[in-house]
Amino acid sequence: MVLAVLEQTQALWAGLGTVSPDRFTDDDLLGVLGAFEGVGRLVDAGRVALAATVEERSGRWLGRDSLAAKRGCTSGIDLITRVTRISGREAKRRSALGLRMRDTQHVGTIIPALFPTVGAAVASGLLGVDAAEVIMSGLAEISPRVAPDDLAAAERALVGAGPRRGGAE
C-alpha cells in the first residue's frame with residue numbers, strides 16, 4: 001500500500017518538472033516554494049527513518065539473518081547505497097540521524113531514543129533534518145555534563161525555537 005502510494009506520488013511529481021516557475025505570480029511562487037519545502041521535510045524524515053530501520057535490521061549480530069546479508073551486502077550502509085544510489089557518507093548520515101531519534105532494538109533489548117522530541121518534530125515535518133542534526137550535535141556535546149531532565153528540557157526548548165514548516169532552515 002505505502003509503496004503504491006509513493007510510486008503514484010513519484011509519477012505526479014515528475015509532471016511538476018514541466019511547470020515553469022517563471023509563470024507564477026510572486027505570491028504563488030512563494031507559496032509553492034514553501035509547499036515544496038514542507039514536502040521535502042517529510043521526504044527527508046522518511047529517508048532517515050527508513051535508513052535507520054535498514055541499519056537496525058542489518059546488524060552484524062543477526063549474522064545470516066540480517067537484512068544486508070540476505071541481500072548479499074556487507075552492511076546496512078552497503079545495502080542502503082545499493083538501493084538508493086547515494087554515497088556511503090550520506091547513507092551513514094541518514095542512518096545515524098534516524099537511530100538517534102528513535103527507540104532501537106539490539107539483541108532483544110529496547111534502547112530508548114536519545115532525542116525523541118527532535119525525532120517527533122522531524123517525523124511531523126515541523127523540523128528539517130539539517131536543523132535536527134545541529135540540535136542533536138549540540139546536545140550530544142553537553143550531555144555528559146547535564147542532568148537527563150535538564151537535557152530533555154533543553155531539547156524541547158531548542159525544538160520549539162527551531163525553524164517552522166515553510167520557514168527557512
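Any value given below was found using the heavy atoms of this structure, including those in side chains, with hydrogens, waters and symmetry copies removed.
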Contact check, side chains of [X] and [Y], non-hydrogen atoms, under 4.5 Å:
X	Y	value
Val83	Ile80	no
Arg47	Val43	yes
Glu133	Arg93	yes
Leu97	Arg94	no
Pro21	Val32	no
Val54	Leu67	yes

Tell me, with the steps shown, if Ile77 and Glu55 meet side-chain contact (heavy atoms from CB on, under 4.5 Å).
-> CA-CA 7 Å; Ile77 300 303; Glu55 182 68 13; 3.5 Å; yes
If you draw a 6.0 Å radius around CZ in Arg82, do more than 12 non-hydrogen atoms from other residues or ligands fall strictly inside?
-> yes
Polar side-chain atom of [X] near backbone of [Y] as donor-acceptor pair, under 3.5 Å:
X	Y	result
Thr81	Asp78	yes
Arg64	Ala69	no
Ser124	Ala121	yes
Asp150	Val146	no

Quick check: closest heavy atoms across [X] and [Y], and the distance to 0.1 Å?
X	Y	result
Leu139	Leu158	CD2-CD1, 3.9 Å
Thr25	Asp28	OG1-N, 3.0 Å
Ser75	Ser58	C-CB, 4.4 Å
Ala132	Val118	CB-CG1, 3.5 Å
Gly59	Ser66	O-CB, 3.6 Å
Ser143	Ala140	OG-O, 3.0 Å

Option from Glu155, Arg156, Arg100 for which side-chain contact (heavy atoms from CB on, under 4.5 Å) with Pro116 holds =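 The option that passes is Glu155.
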Nearest 0.5 Å please: distance from the CD atom of Glu56 over to the CD1 atom of Ile111.
-> 8.5 Å
Just how far is it from atom CE of Met1 to atom CG of Leu3, taken to the nearest 0.5 Å?
-> 11.5 Å
Does [X] belong to the same Ile/Leu/Val/Met/Phe/Trp/Tyr cluster as [Y], with side-chain heavy atoms less than 4.5 Å apart forming each link?
X	Y	answer
Leu114	Leu127	yes
Val48	Met136	yes
Val159	Val129	yes

With sequence neighbours excluded, residues passing ring-ring contact (aromatic ring centres under 6.0 Å, His included) with Phe24 = none
Under 3.5 Å, is there a donor-acceptor pair between the Arg102 and Thr53 side chains?
->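 Yes.
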